[in-house]
There are 2 protein chains.
Amino acid sequence: MTARHEEIADELRQAIDREEYTVGSLLPAETDLAARYGVSRGTVRQAVAALTAEGLIGSRQGARRVVLASRRSQSFAELRSFAQWANAMGREATGHVVSQEYHPATKEDAVRLQLSAGTPVLHVLRVRGLDGEPVLLERTVYADWISPAVESIEADCASVTQRLYEDTGLVFAYGEHVIDAVSAGAQDADLLGIRRTSPLLRVRRVTTTREGRPVEWSDDRYRSDAVSFSVHNSIDNNALARKTAD
Amino acid sequence: MTARHEEIADELRQAIDREEYTVGSLLPAETDLAARYGVSRGTVRQAVAALTAEGLIGSRQGARRVVLASRRSQSFAELRSFAQWANAMGREATGHVVSQEYHPATKEDAVRLQLSAGTPVLHVLRVRGLDGEPVLLERTVYADWISPAVESIEADCASVTQRLYEDTGLVFAYGEHVIDAVSAGAQDADLLGIRRTSPLLRVRRVTTTREGRPVEWSDDRYRSDAVSFSVHNSIDNNALARKTAD
DNA sequence: CAGTGGTCTAGACCACTGT
DNA sequence: CAGTGGTCTAGACCACTGT
């Protein structure tokens, strides 16, 4: 059951991809689109708002909407899970656990995961790859209440997110990410097959449930020659996506 | 003249900042908010959609909205202009042009700026700082039609965006950014006062007008110890912001 | 089950654009 | 000036949540 406004958004995206509306041209007026799709103006506005958020079209009061780009930014779905993103790109996600052990929660762990210092939490070091090529190193700390479920996952599981959803119903709903750059350390270089001091794109993140409860926090390091992030933005809006090297 | 839904969004943000609604607690129902502010449900939905986009609150059908965070992400305004962002942080933006010269547009320039190869375009190398400390190196190529206006700006102008708006009415409306990490080269290291091979956060971007016309493209390199990017996201939405080192 | 957010309608008025 | 997108209303129905 997809909503009508999502169907319309999809049809417009495809029309832009097919170059029925070319980059730089004007989209039909809201009232025309409403008549064409047999819906009210409000529903059309919901649909075009999605395309605007993706950076495909721009708008300003009084003038018709402009088509800005034809390539679709895949927004968040693929940022949420490395495996989902890889699949959407037509590449195979691989994963391998290097080490997995319990440590008492430090003060930092306790603050980020909203639990008491000293609670045993699971630390996992995971190498992730695209078509077998290592591109990402994840150093993740899981909250105590989810640690047992994570511990029982096999070492080469391709999608931990998917597995946790199947096993426990857990959904990763919200994330807070900080992106910067670091030099590869000895372990980074070794596991990613690159030279020491190579530049890496680092993403430190905290993921929470739908209810706002922290599940994990992680230091993720991407090989900068393999992955980048792209951002569309406008005065009102912006959208982030993960990209592979061209 | 601010719209009512923006006023309500502001009041809700402030209430969350004041901890009238604490992180993890539930927001009042839409109908209650509508009654409280004397508006229709649609207007309340427009207001809370803004907070959702900023990552402050989460929502799902059937359950009340959850407060996820109290710190506001400043979304795009400060990403658009380095100077505007610095000012919003209470820091002083500085700028200095290192070199400025015309070159015939390469094929890459021509594609990105939508003009003919060989057209003379202005290349500007600019060091930008926070409170006098250099943190960003911009290598920018301007389209031919705006180059003369850029050329006449004084070398230590703090906000080129602001100046171009005042002089020509030009508004930077949309941007496409690609973020990755690189090692500092000799010139990077020299101008930013860091060691060679230090990791830098690189942002390559194309900026366009409201009509979708490309204005400039740039290779921006940030000192990773001084600036990072933060992203809030959810299943439906995400928002990027620039952050200084803590 | 009552309450809640998601979707959708059909109308209205206004600020802004572009000719 | 006519046309357009931005704002807002007052109603309706439904899927989902939580007790």
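To find a chain, count down the sequence lines: A is the first, B the second, and so on, and within it residues start at 1.
Taking 4.0 angstrom as the limit, A:T43 places none of its side-chain polar atoms (N or O) nearer than this to OP1 or OP2 of C:dT7. Taking 4.0 angstrom as the limit, B:Q61 places none of its side-chain polar atoms (N or O) nearer than this to OP1 or OP2 of D:dT17. Taking 4.0 angstrom as the limit, B:R4 places none of its side-chain polar atoms (N or O) nearer than this to OP1 or OP2 of D:dT7.
Out of C:dT4, C:dT7, D:dG5, the shortest distance to the side chain of A:A29 is found at D:dG5. Minimum atom distance to the side chain of A:S40 is reached by C:dC8, of the listed C:dC8, C:dT7, D:dT17. Closest approach to the A:R45 side chain among D:dG6, C:dG6, D:dG18 is made by D:dG6 (side chain taken as heavy atoms from C-beta onward). Considering only the side chain of B:E6, D:dT7 comes nearest among D:dT7, C:dT4, D:dT17. Closest to the side chain of B:V39, out of D:dT9, D:dG18, C:dC8, is D:dT9.
A:Y222 and A:F229 have perpendicular rings, their planes meeting at more than 60° on a 0 to 90° scale where under 30° would count as parallel.
Straight-line distance from the CG atom of A:L33 to the C1' atom of C:dC8: 17 Å, rounded to whole Å. Rounded to whole Å, atom C1' of D:dC8 lies 14 Å from atom CD of A:E30. Summarising the geometry, the separation between CZ on B:R65 and P on C:dG5 is reported as 5 Å, rounded to the nearest angstrom. Rounded to an integer number of Å, the gap from B:L27 CG to D:dT17 P is 19 Å. Rounding to whole angstrom units, CG of residue A:L26 and C1' of D:dG3 are separated by 13 Å. Here the P atom of nucleotide C:dG6 and the CZ atom of B:R64 are 13 Å apart, to the nearest Å. What separates CD1 of B:I57 from P of C:dG5 is a distance of 10 Å, to the nearest Å. At whole-Å resolution of the value, CD in A:Q46 and P in D:dG5 are 17 Å apart.
A:S147 places a side-chain heavy atom less than 4.5 Å from the side chain of A:Y102.
A:D220 has a carboxylate O that lies under 4.0 Å from a charged side-chain N of A:R205, or vice versa, which qualifies the two as a salt bridge.
Remark: D:dT17 base-pairs with C:dA2. Criterion, Watson-Crick or G-U wobble with two distances under 3.5 Å.
Under a cutoff of 6.0 Å and an axis angle of 45°, B:R213 and B:W145 form a cation-pi pair.
Expressed to the nearest 0.5 Å, how far CD of B:Q114 lies from OG1 of B:T208 amounts to 9.0 Å.
A residue-by-residue look at A:G38 and B:E211 shows that A:G38 has its nearest nucleotide of DNA chain C further toward the 5' end. Map A:A63 and B:P28 each onto its nearest nucleotide of DNA chain C; the residue landing nearer the 5' end is B:P28.
Evaluation of atom-type donor-acceptor distances gives a pair under 3.5 Å for the side chain of A:R41 against the base of D:dG6.
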